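As the structure is a prediction and not an experimental result, all values here were calculated from the model. Along the sequence shown, the residues carry numbers beginning at 1. In each ligand, atom 1 is the first atom listed, and ligand 1 is the first ligand listed.
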Amino acid sequence: METCSFGDEIEERESKISHLAIDIGGSLIKLVYFSRDDKCSTGDQWINSSNEGGDVSSSESTCPILEGKLHFAKFETSKINECVEFIRSKKLHHSGGGAYKYTDLFKEELGVALDKEDEMNCLVAGANFLLKTVRHEAFTYLDNKKEFEPIDQNDLYPYLLVNIGSGVSMIKVDGDGKFERVSGTNVGGGTYWGLGKLLTKCKSFDELLELSHHGNNRVIDMLVGDIYGGLDYTKIGLSATAIASSFGKAINKDLEEYRPEDISRSLLRLISNNIGQISFLNALRYGIKRIFFGGFFIRGHPYTMDTIAVGVHFWSKGEAKAMFLRHEGFLGALGAFVSYGKSRSDDIIVHCLVERSLVCTPCRGAAVDTVDGNMDESETIECCVYPS
Ligand SMILES: Nc1ncnc2c1ncn2[C@@H]1O[C@H](COP(=O)(O)OP(=O)(O)OP(=O)(O)O)[C@@H](O)[C@H]1O
Ligand SMILES: CC(C)(CO)[C@@H](O)C(=O)NCCC(=O)O
């Protein structure tokens, strides 16, 4: 993943768009951009930053508040030209500096240079930003129920951040900018999509995920009961329905004899279980009780979240808790967005005002239930940007 951001204002017909951050991952490109509300576009709203709490206090001088919305978009990395076209059509591009893998493409197509931000820094900054400022962001998933949990600012750290992208990073977070990448695994979202595509001939990730809804993993996975004559192995705490060996039954038939639905479900279970287990072991290593899972592998998918949550609960004997994030896939891009300018003289401080209620509002179509539903990319976060 590469995370980049660039700023300055671009006039659009309906709103002013400024500040774009882009996260170019192994599988997906994520964009986060800010559009100023019309009512604020005169730029005549000022606050004294020293009177406001939190992030803006680093500046003593007064500064204008730009009220507006954060927007989200994603594209497959293999179709980067669609992303470039989107940026061009929305006129999101402008100035910047720096260089990296896609620099030439962005320079040639859009005439912009990218400022590179550190990936881990951005993941942590994005997670902290969401956990500290966006209500209804973090939730548990137990017994097929999503429950939002308010985050106590005084009891946030340490936590383990597990970002499940193509690969998986596990980061112990101790504060703003205070973190250590303690582990990772190469068995991640890319593995599910890659192996799933080969085994099922699916054309898209969404198709593969959809198949998993209708599958039965017991057809392919070897269960404890398959080994123990249908019985639990009570002495070591394993029920008959626990998986003894993922894909363990696949030795019995040829690939064509298995349903793609069952293959997808077993694969999803295998990967989610494995990540849940490694995450728990790392939480245990540092005495951490709360694990936040992000990354686009999750996609708010009930079976994925259930497998991870149940695994963490089971292995930790209820001591550790798995939590999920509504903006799961945008941590890096959001982090690039909020970090932009921090190391430069043209400081841009992004801060969501609690008074603006931080609801996610739909920007097209009818009202959606923004709290219970999965995140829809057409939703936005109302926020304020404080440029110094
Ligand atoms: N539409 C999609 N197309 C492809 N993969 C998808 C899609 N939706 C979800 N995914 C899953 O999300 C994963 C990528 O997640 P994410 O965008 O968070 O990581 P990344 O930034 O691409 O990876 P990395 O950080 O390892 O470079 C894919 O490997 C796949 O499992
Ligand atoms: C290489 C990155 C950091 C790129 O985002 C990610 O894909 C990852 O964490 N992979 C796992 C690598 C490992 O720790 O084995």
Q: Taking atom CG of Asp143 as the centre, report whether more than 12 heavy atoms of other residues, nucleotides or ligands fall under 6.0 Å from it.
A: no

Q) Hey, is ligand 2 close enough to Ser183 that some N/O pair sits below 3.5 Å? A) no

Q: Would you mind telling me if ligand 2 is within reach of the side chain of Met120, the backbone, both or neither, using heavy atoms under 4.0 Å?
A: side chain

(Q) Quick check on contacts: which atoms of ligand 1 are under 4.0 angstrom from a heavy atom of Gly25? (A) 20 (P), 21 (O), 22 (O), 27 (O)

**Q.** Heavy-atom closest pair, residues Phe337 and Ala21
**A.** N-CB, 3.5 Å

Q.
Using heavy atoms and a 4.0 Å limit, tell me yes or no: is Gly329 in contact with ligand 1?
A. no

Q) Which ligand 2 atoms does Asn186 reach within 4.0 Å, using its non-hydrogen atoms? A) 15 (O)

(Q) Show the nearest heavy-atom pair for residues Ile298 and Gly294, with the distance to one decimal. (A) CD1-O, 3.8 Å

Q | The one among Gly332, Ser204, Ser166 that brings a heavy atom closest to atom 24 (P) of ligand 1 | A | Ser166

Q. Salt-bridged, Asp226 to Lys249, with N to O below 4.0 Å?
A. yes

**Q.** For the student: nearest non-hydrogen atoms of Leu161 and Val173, plus distance
**A.** CB-CG2, 4.1 Å

(Q) Please list, in number order, the atoms of ligand 1 under 4.0 Å from a heavy atom of Ser27. (A) 14 (C), 22 (O), 28 (C), 29 (O)

Q.
Within the 4.0 Å heavy-atom shell around Gly295, which atoms of ligand 1 are there?
A. 18 (O)

Q: Considering the heavy atoms of Lys30, write down every atom of ligand 1 situated less than 4.0 Å from one of them.
A: 16 (P), 17 (O), 19 (O), 20 (P), 21 (O), 22 (O)

Q. Is the shortest side-chain N to carboxylate O distance from Lys132 to Asp176 below 4.0 Å?
A. yes

Q. Looking only at heavy atoms, is any part of Phe296 under 4.0 Å from ligand 1, and if so is it the side chain, the backbone, or both, or is it neither?
A. both

Q. When you look for heavy atoms under 4.0 Å from ligand 2, do you find them on the side chain of Asn163, its backbone, both, or neither?
A. neither

Q. Against heavy atoms of Arg299, which atoms of ligand 1 measure under 4.0 Å?
A. 1 (N), 7 (C), 8 (N), 9 (C)

Q: Using the six-membered ring of Tyr303, assess whether NZ or CZ of Arg265 lies under 6.0 Å from its centre and within 45 degrees of the ring axis.
A: yes

Q. Which option, Tyr192, Phe330, Phe205, Phe297, owns the non-hydrogen atom nearest atom 2 (C) of ligand 1?
A. Phe205

Q. Taking only heavy atoms of Trp193, which atoms of ligand 1 are found under 4.0 Å from at least one of them?
A. 4 (C), 5 (N)

Q: Please determine, by modelled atom types, if Ser264 and His214 share a side-chain donor-acceptor pair under 3.5 angstrom.
A: no

Q. Does Lys146 count as lying over the ring of Tyr141, i.e. NZ or CZ under 6.0 Å from the six-ring centre, within 45 degrees of the axis?
A. no

Q) In terms of atom number and element, which parts of ligand 2 are under 4.0 angstrom from non-hydrogen atoms of Arg181? A) 8 (C), 9 (O), 11 (C), 12 (C), 13 (C), 14 (O)

Q: Compute both the distance and the angle, then confirm whether Lys30 meets the cation-pi test with Phe72: under 6.0 Å from the six-membered ring centre, within 45 degrees of the axis.
A: no

(Q) List ligand 1 atoms under 4.0 Å from Gly190, heavy atoms only on the residue side. (A) 29 (O)

